[in-house]
Engineer: 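The structure that follows is given in the form of structure tokens.
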Number of protein chains: 2
Amino acid sequence: MADQSKSPKVDSTLSKGLAILERLAASRSGKGVTELSRELDLTKSNTFRLLQTLTTLGYVRRLDNRSYAATLKTWQIGRNLVEHLDLREMAGPELTYLSKQTGEAIYLAVPEDLAIVYIDKIDSRKPIRSWNTVGGSAPIHCVGTGKAILAANYSRMRDKLVGNLTRHTDRTLTNIEALDADIAATQSRGYALDRGEYREHILSFGAAVTLPDGVAVAALGISLPEINLAEGDAGRIGALVREAAARVSEKLLRG
Amino acid sequence: MADQSKSPKVDSTLSKGLAILERLAASRSGKGVTELSRELDLTKSNTFRLLQTLTTLGYVRRLDNRSYAATLKTWQIGRNLVEHLDLREMAGPELTYLSKQTGEAIYLAVPEDLAIVYIDKIDSRKPIRSWNTVGGSAPIHCVGTGKAILAANYSRMRDKLVGNLTRHTDRTLTNIEALDADIAATQSRGYALDRGEYREHILSFGAAVTLPDGVAVAALGISLPEINLAEGDAGRIGALVREAAARVSEKLLRG
DNA sequence: CCCATCCGTTTCATATATCAGAACATTTGT
DNA sequence: ACAAATGTTCTGATATATGAAACGGATGGG
């Protein structure tokens with residue numbers, strides 16, 4: 001085999017086993033021993049043995065007597081990962097950055113049914129109280145972080161919202177058509193904007209942290225009193241939060 | 001997991017490497033070499049080397065200089081799998097419908113050996129916690145979704161169950177004759193009913209999603225606390241889930 | 001400030017997996 | 001029924017991974 005001279009030590013057994021697993025997971029139906037050995041440039045006997053190992057470990061099962069397919073075990077493991085993902089650690093530096101850039105209250109939120117839950121925050125450095133605490137929640141349809149998450153997966157979530165658009169202020173979007181339009185605007189802007197839709201005179205910006213497939217797992221948010229927003233600052237703040245969220249998304253992948 | 005009748009040869013490198021990956025995926029933050037080696041009963045040097053391999057293959061990354069964590073690569077591979085089954089997409093609207101009709105926890109599950117794995121759910125809208133998460137699993141013989149799948153293919157699966165009917169509550173059906181009778185009832189009703197056979201005081205209903213040849217590929221389920229079930233509601237809920245599953249089955253045909 | 005202790009890393013005989021090639025068994029297509 | 005695939009099992013020489021011990025850096029307590 002042509003090994004890279006830069007990354008010297010790889011256990012070939014593990015490497016080949018994982019390659020087989022990847023191949024099987026990528027194929028809709030199963031693959032046979034010979035097919036796999038050709039694709040991965042391995043001997044038949046080696047491929048067969050690795051498949052046997054993967055089978056007894058539960059990662060692979062035989063379909064009929066001539067082909068193998070990946071089980072859901074790989075998916076379950078990956079699922080565990082996403083659930084245990086330490087968003088706080090990943091997003092921490094970006095929260096700090098946003099705080100320094102704006103001086104306003106910065107939030108990290110995750111979706112929970114039709115609400116978002118704050119899992120981290122940095123207080124405003126201006127002498128203004130904040131209402132939201134870590135562990136607290138807010139309706140998904142009327143805050144920046146919530147609408148950013150909605151926008152990332154609107155097709156899946158829209159139907160659940162109909163009839164559940166509770167009013168909180170006179171600016172809350174309570175009919176689905178208005179929300180449709182707002183979400184469309186959010187999608188094209190790349191960040192969400194709430195103009196006092198949850199608390200009177202409190203604005204919030206939000207942008208989603210997404211996995212490679214587009215699923216939103218969290219959102220970054222900036223919240224500030226209406227009076228603090230200078231003319232033309234909305235675009236700047238929106239861009240800040242959008243780009244910070246993009247950096248966190250990328251960090252989830254690469255570390 | 002009781003399939004160790006024979007002991008086929010397993011490649012230890014692959015086996016250990018996957019064990020490490022599983023451990024890392026299950027841990028919130030990273031783990032160190034020594035910690036892993038103790039947990040998995042491996043030597044430090046072996047663990048170190050496997051971690052090095054997993055790192056160059058992109059499955060693992062170093063956090064700081066003293067610990068390793070799993071990347072999202074495992075998740076991406078597993079995702080490929082469920083993406084190819086577009087069950088979730090097909091069943092989504094029916095899950096939503098069941099949620100609206102009942103307000104209880106709704107599940108979509110697929111069979112995996114002698115268990116079922118939850119691949120999607122909608123939380124109860126009532127203030128009751130649910131234990132089952134997406135990615136989690138449950139024994140096939142004592143939950144509604146599992147028994148629905150069993151009922152669809154009982155002739156093929158019955159023999160594998162003998163001797164594997166683990167007890168979970170005092171209502172669990174642990175002898176094959178009792179299960180035979182329950183499955184027969186399930187088949188004539190068109191939906192499965194679990195009366196606290198897996199968790200005390202938790203009822204669940206299930207109905208199978210089947211291919212035209214009768215093979216069950218998934219099941220829809222509704223789970224609720226015993227106390228939520230009004231007299232005579234069982235028939236109504238059973239019919240709801242049976243018909244929703246039938247609609248999903250039909251949808252699989254037409255695309 | 002030093003020492004005991006922990007950790008990640010490296011080293012090197014030895015145990016283990018891999019390779020190639022072939023043979024055998026079983027299925028599929030004509 | 002025959003031929004051409006495919007999955008499965010051997011074999012022993014070679015390449016590779018393994019375990020035990022040692023190394024060097026970091027940490028924390030006395």
Side-chain angles (χ1 to χ4, degrees), chain A residues 1-25 27-71 89 255, chain B residues 3-24 27-71 213:
Chain A
M1 267 210 193
D3 278 272
Q4 291 92 338
S5 49
K6 284 290 181 179
S7 45
K9 305 174 189 175
V10 287
D11 290 339
S12 71
T13 308
L14 181 50
S15 168
K16 290 167 188 171
L18 288 169
I20 288 177
L21 203 52
E22 281 188 45
R23 278 284 171 159
L24 287 181
S27 92
R28 178 172 297 255
S29 51
K31 282 180 181 290
V33 175
T34 310
E35 190 180 358
L36 276 170
S37 65
R38 268 200 296 256
E39 286 179 358
L40 300 172
D41 204 20
L42 303 173
T43 60
K44 274 202 305 181
S45 44
N46 194 3
T47 308
F48 175 69
R49 176 126 93 140
L50 290 167
L51 281 171
Q52 211 171 258
T53 299
L54 288 170
T55 302
T56 64
L57 293 177
Y59 287 88
V60 162
R61 68 166 185 278
R62 320 182 46 122
L63 290 183
D64 39 68
N65 276 356
R66 53 178 31 356
S67 69
Y68 295 81
T71 68
E89 192 179 324
Chain B
D3 251 336
Q4 294 173 342
S5 44
K6 307 168 195 171
S7 54
K9 296 206 277 182
V10 291
D11 291 335
S12 71
T13 307
L14 182 50
S15 170
K16 292 169 184 172
L18 289 169
I20 288 177
L21 203 52
E22 280 189 45
R23 277 284 170 156
L24 287 181
S27 97
R28 183 151 308 142
S29 51
K31 280 179 182 292
V33 175
T34 309
E35 190 181 357
L36 275 170
S37 66
R38 269 199 296 257
E39 287 178 358
L40 300 172
D41 204 23
L42 303 174
T43 59
K44 275 200 305 181
S45 49
N46 195 358
T47 308
F48 174 70
R49 191 167 154 86
L50 290 167
L51 280 171
Q52 207 170 268
T53 299
L54 288 170
T55 302
T56 64
L57 293 177
Y59 287 89
V60 162
R61 67 166 187 276
R62 316 183 49 121
L63 289 184
D64 41 63
N65 275 2
R66 52 183 1 83
S67 68
Y68 295 82
T71 66
D213 61 351

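Keep in mind that the numbers below use all heavy atoms, side chains included, and drop hydrogens, waters and symmetry copies. In what follows, every chain begins at residue 1, and chains take the letters A, B, ... in the order their sequences are listed.
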Engineer: Return no unless some side-chain N or O of A:K16 is found under 4.0 Å from OP1 or OP2 of C:dC19.
Structural biologist: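 So the side-chain polar atoms of A:K16 do come within 4.0 Å of the phosphate oxygens OP1 or OP2 of C:dC19, strictly under.
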Engineer: Could you tell me whether A:T34 contacts a base, only the sugar-phosphate backbone, or nothing, with contacts defined as non-hydrogen atoms closer than 4.0 Å?
Structural biologist: sugar-phosphate
Engineer: Tell me the interatomic distance from B:E35, atom CD, to C:dG8, atom P, rounded to whole angstroms.
Structural biologist: 9 Å
Engineer: How about A:D11 and B:R49: do any of their side-chain heavy atoms sit closer than 4.5 Å?
Structural biologist: yes
Engineer: Would you kindly compare A:S12 and A:K44 by the position of their nearest DNA chain C nucleotide and give the one closer to the 5′ end?
Structural biologist: A:S12
Engineer: On the nucleotide C:dC19, are OP1 or OP2 found under 4.0 Å from the side-chain N or O atoms that A:T43 carries?
Structural biologist: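 A:T43 to C:dC19 OP1/OP2: side-chain N or O found under 4.0 Å.
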Engineer: Say you draw a straight line from CD of B:E35 to CG of B:L40; how long is it, rounded to the nearest 0.5 Å?
Structural biologist: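 If I round to the nearest 0.5 Å, the distance is 10.0 Å.
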Engineer: Nearest whole angstrom, please: distance from the P of D:dA15 to the CG of A:D11.
Structural biologist: 17 Å
Engineer: Between atom CG in B:L51 and atom P in D:dA17, what is the gap in whole Å?
Structural biologist: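 Spelled out: CG on B:L51 to P on D:dA17 is 15 Å.
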Engineer: When the distance from CG of B:L42 to C1' of D:dA17 is rounded to whole Å, what number comes out?
Structural biologist: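 Taking atom C1' of D:dA17 as the reference, CG of B:L42 is at 13 Å.
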Engineer: What is the distance from CZ of B:R49 to P of C:dT11, rounded to the nearest Å?
Structural biologist: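 For the pair B:R49 CZ and C:dT11 P, the rounded distance is 12 Å.
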Engineer: Check the distance between D:dT6's C1' and A:L36's CG and give it to me in whole angstrom.
Structural biologist: 13 Å
Engineer: Would you call B:K31 and B:S67 a side-chain contact if the rule is heavy atoms closer than 4.5 Å?
Structural biologist: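 In short, these two side chains do not touch, never coming nearer than 4.5 Å.
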Engineer: Heavy atoms from C-beta onward define the side chain here; which of D:dC10, C:dG8, D:dG7 lies closest to that of B:R66?
Structural biologist: C:dG8
Engineer: For A:Q52 and D:dT9, give me the distance from atom CD to atom C1', rounded to whole Å.
Structural biologist: 10 Å
Engineer: Any side-chain N or O of B:R62 below 4.0 angstrom from OP1/OP2 of C:dT9?
Structural biologist: yes
Engineer: For the pair B:S37 (side chain) and B:T47 (backbone), establish whether a donor and an acceptor sit closer than 3.5 Å, ignoring hydrogens and angles.
Structural biologist: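 Checked: no pair found.
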Engineer: Would you indicate whether the side-chain heavy atoms of A:L54 and A:L24 approach each other to under 4.5 Å?
Structural biologist: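 Heavy-atom side-chain distance check fails, nothing below 4.5 Å.
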Engineer: Quick check for you: to the nearest 0.5 Å, what is the distance between B:L18 atom CG and B:Y59 atom OH?
Structural biologist: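 Rounded to the nearest 0.5 Å, the CG-OH separation comes out at 9.0 Å.
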Engineer: Quantified as the angle between the terminal helix axes (five pairs each), what is the overall bend of the helix from C:dC1-D:dG30 to C:dT30-D:dA1 to 10 degrees?
Structural biologist: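 Inter-axis angle at the termini of the helix from C:dC1-D:dG30 to C:dT30-D:dA1: 50°.
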Engineer: For D:dT6, does OP1 or OP2 lie under 4.0 Å from any side-chain N or O of A:Y68?
Structural biologist: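 No, A:Y68 has no side-chain N/O under 4.0 Å of OP1/OP2 on D:dT6.
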Engineer: So, does A:T13 get its side chain near the phosphate of C:dT18, meaning an N or O under 4.0 Å from OP1 or OP2?
Structural biologist: yes
Engineer: Kindly determine whether A:L51 and A:L36 satisfy side-chain contact (heavy atoms from CB on, under 4.5 Å), including the steps that lead there.
Structural biologist: CA-CA 10 Å; A:L51 281 171; A:L36 276 170; 4.0 Å; yes
Engineer: Just how far, in rounded Å, is C1' of D:dG7 from NZ of A:K31?
Structural biologist: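 Value for this atom pair: 17 Å.
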